[in-house]
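When a ligand or atom number is given, it counts from 1 through the structure's own listing order.
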Amino acid sequence: MQMAVLEEAFRHTYGYAPTFLARAPGRVNLIGEHTDYNDGLVLPMAIDREAVVVGAPRDDNVVNLFSLHYNEKLSFDLGTIARRQEHHWSHYVLGVADALLRAGHTLKGFDGVLGSDVPIGSGLSSSAAVELATLMAFAAATPSLQLSPLDAARLAQRAENCFVGVQCGLMDQLIAALGRAGHALLIDCRTLAHQPVPLPEGYTVVIIDTAAPRALASSAYNERRAQCEQAARLLGVPALRDVSPEELARRQTELPPLLARRARHVVRENQRVLQAVEALRAGDVAELGALMNQSHDSLRDDYEVSSPALDAAVEIARATDGVLGARMTGAGFGGCAIALAAQACVPALTTNLLAHYPKRTGLTPRLYPCSASDGATWHRLDDRLRQHSLHPC
Ligand code: ADP
Ligand code: MG
């Protein structure tokens, strides 16, 4: 984000200078797709695109927040938080305030300006970035507010579940809270145990937004979830997380063929996440790329959530020298793919995608080369060196 633009907008809106900056990143999932609701494993990284609030505490209970993107100011009193009828960006902000108050925290108001360079609605979790940036703005305005990363993530998730009305899991909020520069984050979606995993230097994760509409996404998502639950029931386990690839291979005749394929994706994908972590710890980037390729092929063939646009992006990326692997990321049927590329090869990858993807799909891709960044922080604008994060110091 261009901080000067935000600070200038603040001065213009409120007639004085902001005193703090709160920020939280978007995210992309490197591997571990459709495993979260099977109590499985995911490996997201926080990206160097973020939602930012520049602000100043107020002495009363009023929150003013101007959204640069929507060119609209939200003003509310913490004592009277009301939802609108229709979907509105303010719900993410109001929802965070509501969740914090319901959890018993005392909050102070603030004046703020919100900006973000996380693309909206592309599956890079611009929503969790806004939630966590808002939460950090409250932390900056309210000295008594101390939250652990897990509490912060849960409160932001509650805002999205209860106030916005989107039944998301916890992954987006957890990585936005806990990301670490240069690292991905292994998350066990059953226990919420998590650990940073170092990413190799000299490689870039290029996010390829296919610009394809996600037409079937929500109905197919619900259907896949139901199929996984049914497969787990038939196998007599709480979740597909509890089945190893070997056990599934032995028992696959106990499942109808379609459910067996769905289950095969999930159990192998969990294993691939563990293999990817091992490969990263061993510095074996080629192996990580191979696992990403296998993940995509499994999502395309066994889980059937890819699309012609995602397949085209992945195939073009894979055909570029210096690309070690490529896969769809997110729920599927559109949204984004990612490619793991040697840094020096990113320009060639960009050229190839811009040349061939539109010919194959009629669409123009948007490309975001990314590096892994830190999770949510805030600092005083006169003391940029003293970053406050959610990590208990
Ligand atoms: P995503 O995959 O990007 O998270 P969502 O539909 O979950 O997509 O969230 C997008 C919503 O988050 C937007 O419609 C808007 O309400 C809110 N949002 C995202 N970025 C901003 C922003 N810069 N300013 C205000 N609201 C934002
Ligand atoms: Mg979202």
Side-chain angles (χ1 to χ4, degrees), residues 1-3 5-6 9-10 13 21-29 33 36-37 42 44-47 49-55 63-76 83-98 112-137 153 156-177 179 207-215 217-218 221 310 328-338 366 368 370 376:
M1 266 314 287
Q2 298 228 305
M3 300 312 159
V5 174
L6 285 171
F10 187 97
T13 310
L21 184 153
R23 53 158 291 281
R27 65 95 187 95
V28 71
N29 192 21
E33 218 62 75
D36 55 345
Y37 52 83
V42 292
M45 72 175 208
I47 59 175
R49 286 177 167 264
E50 57 192 18
V52 179
V53 175
V54 294
V63 175
N64 295 307
L65 188 61
F66 181 81
S67 163
L68 280 183
H69 181 83
Y70 293 99
N71 194 25
E72 186 179 28
K73 190 161 111 185
L74 162 72
S75 291
F76 64 99
R83 194 197 276 99
R84 298 179 188 222
Q85 292 260 290
E86 72 288 354
H87 178 87
H88 194 262
W89 67 270
S90 61
H91 289 176
Y92 294 86
V93 177
L94 293 163
V96 166
D98 189 59
V113 172
L114 165 66
S116 174
D117 58 5
V118 185
I120 294 178
S122 293
L124 302 179
S125 208
S126 68
S127 56
V130 167
E131 289 151 17
L132 266 298
T134 302
L135 199 133
M136 294 313 269
Q157 182 198 24
R158 197 166 307 151
E160 191 146 346
N161 288 170
C162 303
F163 209 93
V164 180
V166 173
Q167 293 310 310
C168 58
L170 192 62
M171 171 171 87
D172 298 355
Q173 288 79 9
L174 210 50
I175 181 66
I207 299 174
I208 308 156
D209 186 339
T210 60
R214 287 150 92 185
S218 74
Y221 177 85
L310 284 164
M328 55 159 276
T329 183
F333 295 101
C336 293
I338 50 171
R366 286 179 290 264
Y368 310 109
C370 283

N/O of [X] under 3.5 Å from N/O of ligand 1, yes or no?
X	answer
A128	no
H69	no
G123	yes

Residue pair E160 / S127, side-chain heavy-atom distance below 4.5 Å: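 Counting from C-beta outward, E160 and S127 do come under 4.5 Å.
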Tell me the protein heavy atom at minimum distance from [atom], and give that distance in Å.
atom	result
atom 25 (C) of ligand 1	Y70 CE1, 3.4 Å
atom 9 (O) of ligand 1	S127 CB, 3.3 Å
atom 10 (C) of ligand 1	S126 OG, 3.5 Å
atom 6 (O) of ligand 1	Y92 OH, 4.3 Å
atom 22 (C) of ligand 1	V130 CG2, 4.1 Å

Considering all heavy atoms of both residues, which atom of [X] and which atom of [Y] are nearest to each other, and what is their separation?
X	Y	result
A129	G26	CB-N, 4.1 Å
V53	A137	CG1-CB, 4.0 Å
Q157	Q173	N-CG, 3.7 Å

Distance-only polar pair, side chains of H69 and S67, donor-acceptor under 3.5 Å: no
Heavy atoms of other groups near E72 CD, more than 12 under 6.0 Å: yes
P119 heavy atom under 4.0 Å from ligand 1: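 Yes, P119 has a heavy atom closer than 4.0 Å to ligand 1.
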contact_flag H91 ligand 1 heavy-atom lt 4.0 Å: no
Below 4.0 angstrom from a heavy atom of [X], which ligand 1 atoms are there? Numbered from 1 as shown, please.
X	answer
S116	23 (N)
S67	24 (N), 25 (C)
L114	24 (N), 25 (C)
H87	14 (O), 16 (O)
I120	3 (O), 10 (C), 13 (C), 19 (C), 20 (N), 21 (C)

The Mg ion (ligand 2) reached by S127 (N, O or S, under 2.8 Å):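 Yes, S127 qualifies, because one of its backbone or side-chain N, O or S atoms lies under 2.8 Å.
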L124, L310, V28 screened by side-chain contact (heavy atoms from CB on, under 4.5 Å) with C336, the one that passes: L124
Separation of N29 CG from S125 OG (nearest 0.5 Å): 11.0 Å
Donor-acceptor under 3.5 Å (R49 side chain, D117 main chain): yes
Under 3.5 Å donor-acceptor, E33 side chain and T329 backbone: no
